[in-house]
Amino acid sequence: MTGREEILHLLAKYHRFILGCHLHPDGDAIGSLLALGLALETAGKDVAMVVPGGVPVIYRFLEGTEKILPAPSLTPEVIIALDCADRERLLLPETVFASGAPVINIDHHLSNSMFGDFNHVFPEAAATGEIVHDLLIGGGFALDKRIAEAIYTAVATDTGFFRFSNTSGRVFALAAGLVATYGISPSRIAEEVYEERSYDSLRLLGEVLSTLRLAEDGKVAWMAMSRQLMVLYPVPLEETENFVNSTISIRGVEVGLFFKEVGPEETKVSWRSKIAVDVSRLAAHFGGGGHARAAGCTIKAPLAQAIDQVLLLLREYYAGAGLKNTAEEERERV
Ligand SMILES: [Mn+2]
């Protein structure tokens with residue numbers, strides 16, 4: 001584990017940086033990448049912010065995202081991974097690693113595999129954006145409105161706009177400071193991220209909601225999106241990211257699941273939970289991970305089989321000792 005001073009030393013010492021984030025980037029991935037990238041650039045460094053598939057449409061309102069490129073534009077002295085739990089999910093071309101440059105891993109996933117040469121990982125942080133903010137302040141980097149908006153977006157999206165259990169006093173203090181100092185607009189950011197859907201994406205949600213089912217005496221809710229539906233309603237995958245939250249909004253439901261058929265033998269599963277269940281542990285059974293309240297995994301099986309496998313695991317979970325220690329787990333986590 002690498003302390004703040006060592007990381008700041010590396011940021012000060014080197015000049016050419018490549019920044020990357022996790023596959024299917026969310027608001028925290030894009031926000032923390034952008035905040036650190038812009039701050040390093042302002043400090044006179046050469047920075048390549050890289051997202052091979054491009055920035056998801058809903059985050060393109062952030063000023064500076066136009067500087068994020070699909071491929072690296074320089075040979076790095078340092079590679080920085082943001083909000084990424086493991087090396088396999090890091091969205092950077094393999095050629096980048098041929099440079100032999102050291103990797104700094106900045107993240108907050110409990111399941112982080114510590115794949116970096118320097119690992120700056122704090123599971124207690126609500127968002128990677130919070131860790132980046134701490135680094136920028138500690139290193140005396142100049143913040144501006146663009147950077148403030150990026151950090152705010154990172155923290156706001158990873159806390160479900162200040163609703164999830166990771167919404168701490170620290171998070172409110174950080175957000176309040178950014179709003180007061182840089183004059184950013186929380187309502188505008190919320191609108192851009194949550195209230196700018198396409199017609200097709202709402203129609204698709206309607207179709208997906210019609211697959212909604214309960215299991216385990218109403219403690220589990222799941223729904224599924226077939227490839228057929230995705231062809232019928234061609235919307236960017238990130239516009240389906242929040243669909244899973246409908247499952248967990250049902251009274252009495254503890255675990256919410258959303259299955260996406262991404263290939264004939266490949267199903268992505270999004271997991272959500274309320275207070276009782278640590279879904280990162282359950283997703284880990286399928287090689288996935290994430291946080292206690294939000295996790296993900298990919299199962300190499302057709303949609304129907306993947307659903308069966310996950311529901312079977314949950315049956316075992318609820319039948320076994322899994323629930324006994326939840327109150328304890330909850331206390332440890334806060
Ligand atoms: Mn995050």
Side-chain angles (χ1 to χ4, degrees), residues 21-31 33-34 51-63 65-66 68-70 83 89 91 149-150 153-154 156-161 163-164 185-214 221-250 253 256-272 288 290 294-299 301-307 310:
C21 62
H22 67 73
L23 192 69
H24 308 305
D26 57 11
D28 189 23
I30 296 295
L33 176 91
L34 188 60
V51 177
V55 176
V57 177
I58 56 172
Y59 304 118
R60 287 190 200 160
F61 73 96
L62 287 168
E63 205 184 318
T65 46
E66 70 281 358
I68 297 177
L69 302 171
D83 199 39
R89 282 171 62 81
L91 207 53
E149 272 193 332
T153 301
T157 51
D158 258 21
T159 58
F161 277 78
R163 290 179 299 127
F164 299 160
S185 166
S187 66
R188 178 177 165 250
I189 294 173
E191 262 172 45
E192 293 281 2
V193 175
Y194 278 147
E195 289 165 38
E196 288 290 329
R197 294 278 168 273
S198 63
Y199 177 57
D200 271 350
S201 96
L202 274 202
R203 303 249 298 158
L204 177 60
L205 176 59
E207 297 274 9
V208 168
L209 281 174
S210 73
T211 71
L212 184 64
R213 295 291 180 273
L214 293 176
W222 64 270
M223 56 191 200
M225 184 166 72
S226 65
R227 284 202 301 162
Q228 242 172 327
L229 276 182
M230 294 163 86
V231 171
L232 213 53
Y233 301 97
V235 309
L237 216 56
E238 69 265 16
E239 286 201 18
T240 67
E241 218 95 297
N242 288 317
F243 284 10
V244 61
N245 295 326
S246 302
T247 59
I248 202 68
S249 71
I250 302 166
V253 165
L257 298 157
F258 178 37
F259 297 87
K260 282 182 218 182
E261 184 183 31
V262 290
E265 292 283 332
E266 194 173 340
T267 304
K268 267 180 62 108
V269 192
S270 299
W271 302 67
R272 292 291 181 276
C297 66
T298 300
I299 300 176
L303 183 60
Q305 278 181 32
I307 293 170
V310 170

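Counting from 1, the numbers follow the sequence of the chain as shown.
- Checked against side chain to side chain donor-acceptor pair (under 3.5 Å), Ser187 has the following partners two or more places apart in sequence or in another chain: Ser185.
- Looking at residues two or more places apart in sequence or on another chain, you find no side-chain contact (heavy atoms from CB on, under 4.5 Å) involving Pro70.
- In this structure, the side chains of Val55 and Pro25 stay at 4.5 Å or more apart for every pair of heavy atoms.
- Considering only residues two or more places apart in sequence or on other chains, Glu191 meets the side-chain contact (heavy atoms from CB on, under 4.5 Å) condition with Glu195.
- Checked against ring-ring contact (aromatic ring centres under 6.0 Å, His included), Tyr194 has the following partners two or more places apart in sequence or in another chain: Phe161.
- Proximity of a side-chain donor or acceptor of Thr211 to a complementary backbone N or O of Ala224 within less than 3.5 Å is detected.
- For Ile250, the side-chain contact (heavy atoms from CB on, under 4.5 Å) test picks out Leu212, Leu214, Ala221, Val253, with sequence neighbours left out.
- Residues Thr153 and Ile30 form no side-chain contact, since every pair of their non-hydrogen atoms from C-beta on lies 4.5 Å or further apart.
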*Could you check Asp26 against Thr157 for side-chain contact (heavy atoms from CB on, under 4.5 Å), going step by step and ending with a plain yes or no?*
CA-CA 8 Å; Asp26 57 11; Thr157 51; 5.8 Å; no
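- In this structure, the salt bridge (Lys or Arg N to Asp or Glu O under 4.0 Å) partners of Arg188, at least two apart in sequence or on a different chain, are Glu149, Glu192.
- Annotation: side chain to side chain donor-acceptor pair (under 3.5 Å) contacts involving residues 222-232, sequence neighbours excluded, are absent.
- Shortest non-hydrogen contact noted between His24 and Leu91 is N-CD2, 4.5 Å.
- Contact between Arg272 and Ala294 at its shortest, heavy atoms only, is NH1-CB, 3.7 Å.
- Residue Ala29 comes nearest to His22 through the heavy atom pair CB-NE2, 3.6 Å, listed as atom of the first residue, atom of the second, then distance.
- Within the structure, no pair that satisfies the side chain to side chain donor-acceptor pair (under 3.5 Å) test touches residues 51-63, not counting sequence neighbours.
- Residues meeting the salt bridge (Lys or Arg N to Asp or Glu O under 4.0 Å) test with Glu266, sequence neighbours left out: Lys300.
- For Ser201, the side chain to side chain donor-acceptor pair (under 3.5 Å) partners are Glu239, not counting sequence neighbours.
- Nearest heavy-atom pair, Phe164 versus Asp158, reported as atom, atom and distance to 0.1 Å: CD1-O, 3.6 Å.
- The side-chain heavy atoms of Phe258 and Val269, taken from C-beta on, include no pair separated by under 4.5 Å.
- When side chains are defined from C-beta on, Leu209 does not count as touching Phe243, because their heavy atoms never get closer than 4.5 Å.
- For the ring-ring contact (aromatic ring centres under 6.0 Å, His included) test, no residue two or more places apart in sequence or in another chain qualifies with Tyr233.
- In terms of the salt bridge (Lys or Arg N to Asp or Glu O under 4.0 Å) criterion, residue partners of Glu241 (sequence neighbours excluded) are, by chain and number, Lys260.
- Judged by distance alone, with hydrogens and angles left aside, the side-chain atoms of Thr267 form a donor-acceptor pair with the main-chain N or O of Ala301 at under 3.5 Å.
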